[in-house]
Amino acid sequence: MLTADVVVIGGGLGGVAAALAAAESGRSVVLTCAEEDLGGQVTSQLVPALDEHPHVETGGVSASYRRLRDLVRAGYGGIANPGGGWVSRLCFEPQVGAETIGNLLAPHVAAGLLTVITCAAPVDARVHAGLIEAVTLSTGQTVSGEVFCDATELGDLLVLAGAPWVCGSEGSDAHGESLAVEGGPQPRAVQSCTTGFLVEHLPGEDHTVPRPPGYERWRDSQPFTLEIAGWDGRTHRYRMFDDGPDGHPPFWTYRRLREGAVLGGRDLALINWVGNDYADRSLIHEPHRAADGARLLSMAFLHWLQTEAGFPGLRLAAETPGTRGGLARYPYVRESRRLAVPEPVTEHHLRPVPGQVRAAAMPDSVGVAWYHMDIHPRVGHPGSHYADSAPFQIPLLALVAPEPGNLLAAAKNLGATQAAASAYRVHHGEWAVGEAAGTAAAHCVRRSIRPVRLSTRDELPALQQALLARGVPIAWVLDVAPEDPLFAPVQRLAVAGGVRRDSLDVRPDDPPAEADRRALRAVGVHLDRHDINTWADAASTFAEGEGRA
């Protein structure tokens with residue numbers, strides 16, 4: 001039996017971030033992964049075109065996530081966007097993602113703090129006296145630990161350990177969410193999955209794949225097209241290699257992972273589109289049949305691109321490392337089982353707050369993320385739905401399982417509704433959840449406490465300080481970087497609600513306006529008792545504890 005302080009089950013981005021955080025905190029860690037490669041979204045699921053927020057190059061992500069991005073670019077000699085895909089500021093090949101993650105974790109493996117087990121899915125959990133004692137893997141190995149993190153793609157450990165969970169839509173009756181399916185809960189209304197595939201273009205050649213069964217039905221029902229209904233209410237029209245009639249850039253460069261003109265050789269484009277967005281079956285309820293169906297749908301869409309769309313020179317890049325014959329080895333997961341907690345994050349928590357630039361404040365914040373709420377077709381409900389969000393936080397209570405008492409959510413399975421989870425699911429969001437869980441797990445081991453104690457007055461400030469020491473923002477402030485001595489004080493003040501409401505910048509050298517001074521007084525910074533001339537003064541006073549209410 002393998003034994004560690006922290007056991008992370010699941011090797012996607014959340015699992016990698018959790019294991020990295022726990023190991024860097026000095027804890028022994030076992031990290032398991034059901035797939036051949038760590039990385040999930042950027043490797044086996046074939047989406048290494050990062051879905052991120054517009055501030056990602058300057059703030060709103062942790063130091064470790066920035067290190068991940070920097071290492072990817074270093075693998076290409078410092079090129080900012082090796083794929084040149086316009087969906088993201090950073091598009092790259094899956095094998096580079098796998099190599100980068102390996103490099104991040106290698107020092108901790110070499111030091112003996114981290115053990116990585118791949119091709120190993122959890123198959124059983126032994127729970128005694130309300131705690132997980134051990135998890136058995138498909139390899140026959142058993143892993144025991146003090147704290148367990150579920151970072152599986154579908155929330156598998158929640159089921160095995162008997163934790164409360166939900167999936168699909170809670171229904172609009174539950175929380176009054178506009179993105180929920182109307183009425184009561186519909187657990188089978190799970191979002192679509194997608195088997196992405198890689199192609200290159202060889203003009204003048206014919207690489208048409210055989211027409212798969214069901215082709216005509218999918219062609220008409222998906223439908224197969226290069227047009228898409230946009231979140232702005234307009235139809236966005238694309239052309240394969242030219243700008244579209246309404247000015248949109250070429251479809252070819254949408255999720256291109258390799259730009260031949262820059263790197264040498266041919267382009268390599270990822271096809272992950274509404275055309276191969278599979279919602280016939282739920283990946284949670286019918287994982288094998290859904291995966292098979294998603295793969296068949298992608299081959300049908302490729303056949304359409306080659307024939308009816310008129311591009312027979314599109315060649316499936318079957319020899320690409322990290323793929324299965326040019327297709328993703330596992331479908332891209334948009335929805336996991338989610339931890340059922342008394343007060344889940346809902347659509348309302350992420351919506352813009354009138355008069356502010358941030359979403360609703362979360363005093364128990366353990367990280368930040370930002371992406372719109374993006375509901376893809378659900379099983380039985382073919383429409384897509386979209387809603388704006390404001391820069392939001394990750395609440396600690398969404399990560400702590402009510403039972404068993406030593407389990408934390410560390411990926412897409414946090415305690416949020418389907419609508420809210422659709423904003424947390426993207427690359428930097430999953431990383432942030434995992435990093436928070438790994439840091440929390442290490443804190444529990446160090447303090448010999450259970451995760452439920454983390455939200456207490458004694459433990460929460462210490463956990464938040466541990467995150468800040470890692471360079472993890474727990475509030476949205478862009479102009480005070482982790483290396484700035486003011487980073488922790490400003491972040492603590494921001495979590496308490498005492499920062500500018502009209503900007504993501506604090507501008508530490510500026511004096512607070514009268515409205516801001518009222519906010520400072522509300523969180524205990526009494527300007528009549530302290531010499532508060534700037535935001536930096538206010539932050540330092542608050543952090544020293546003199547201004548705490």
Side-chain angles (χ1 to χ4, degrees), residues 53 55 58-63 343 345 348-370 389-397 432 436 454-549:
H53 58 74
H55 302 294
T58 55
V61 294
S62 71
E343 296 182 14
V345 184
H348 308 298
H349 292 112
L350 307 189
R351 287 281 198 173
V353 175
Q356 299 188 33
V357 295
R358 300 172 181 85
M362 297 180 175
D364 65 337
S365 174
V366 287
V368 301
W370 187 25
S389 68
F392 53 81
Q393 296 165 300
I394 300 166
L396 170 64
L397 290 180
L454 289 170
S455 60
T456 64
R457 181 185 295 269
D458 292 335
E459 301 298 339
L460 179 59
L463 172 59
Q464 290 177 326
Q465 187 59 42
L467 288 159
L468 293 172
R470 287 187 52 76
V472 175
I474 57 176
W476 272 92
V477 176
L478 293 179
D479 62 342
V480 182
E483 58 271 17
D484 191 313
L486 281 173
F487 176 71
V490 166
Q491 287 284 317
R492 290 175 61 182
L493 182 63
V495 166
V499 294
R500 294 181 184 275
R501 309 300 176 90
D502 61 346
S503 173
L504 295 178
D505 291 335
V506 171
R507 299 190 290 277
D509 295 332
D510 284 3
E514 182 53 39
D516 299 322
R517 287 172 176 261
R518 287 196 294 271
L520 290 171
R521 285 194 290 270
V523 299
V525 180
H526 301 289
L527 293 97
D528 56 339
R529 293 205 312 239
H530 304 283
D531 186 16
I532 305 297
N533 297 310
T534 67
W535 284 103
D537 294 336
S540 297
T541 298
F542 185 85
E544 289 166 4
E546 299 174 5
R548 284 193 179 275

Working to the nearest 0.5 angstrom, can you tell me the gap between Asp510 CG and Trp535 CH2?
9.5 Å
If you look at every heavy atom in Ala390 and Ala359, which pair is closest and at what distance?
CB-N, 3.5 Å
Which heavy atom of Ser540 sits nearest to which heavy atom of Leu486, and what is that distance?
OG-CD2, 3.9 Å
Are any of the side-chain heavy atoms of Thr541 and Leu493 separated by less than 4.5 Å?
no
Is the closest side-chain heavy-atom distance between Gln393 and Val495 below 4.5 Å?
yes
Side-chain contact test, heavy atoms from C-beta onward, threshold under 4.5 Å: evaluate it for Ser455 versus Leu463 and give yes or no.
no
For Pro363 versus Ala361, what's the shortest heavy-atom pair and its separation?
CD-O, 3.7 Å
Working to the nearest 0.5 Å, report the span between CG of Leu454 and CD of Gln464.
10.5 Å
To the closest 0.5 Å, what do you measure between CD (Gln491) and CG (Leu467)?
10.5 Å
Looking at every non-hydrogen atom in both residues, tell me the closest pair between Thr456 and Pro461 and how far apart they are.
O-CD, 4.1 Å
Is the closest side-chain heavy-atom distance between Ile394 and Met362 below 4.5 Å?
no
May I have the list of side-chain donor-acceptor pairs in residues 469-476 shorter than 3.5 Å, sequence neighbours left out?
from	atom 1	to	atom 2	distance (Å)
Arg470	NE	Glu435	OE2	3.0
Arg470	NH1	Glu24	OE1	2.6
Arg470	NH2	Glu24	OE1	3.1
Arg470	NH2	Glu435	OE2	2.9
Trp476	NE1	Ala369	O	3.4
Trp476	NE1	Phe392	O	2.9

Quick check for you: to the nearest 0.5 Å, what is the distance between Arg507 atom CZ and Asp509 atom CG?
11.0 Å
Between Ser389 and Trp370, is any pair of side-chain heavy atoms under 4.5 Å apart?
yes
So Leu478 and Ser503, do their side chains get closer than 4.5 Å, heavy atoms only?
no
Quick one: does any side-chain atom of Asp484 pair with a main-chain N or O of Val480 as donor and acceptor, under 3.5 Å?
no
Ignoring hydrogens, what is the shortest heavy-atom contact between Pro508 and Thr534? Give both atom names and the distance.
O-CB, 3.2 Å
Determine whether Arg358 and Val477 satisfy the following criterion, side-chain contact (heavy atoms from CB on, under 4.5 Å), listing intermediate values before the conclusion.
CA-CA 10 Å; Arg358 300 172 181 85; Val477 176; 4.2 Å; yes
Can you tell me how far apart CG (Asp364) and CG (Leu396) are? Round to the nearest 0.5 Å.
5.5 Å
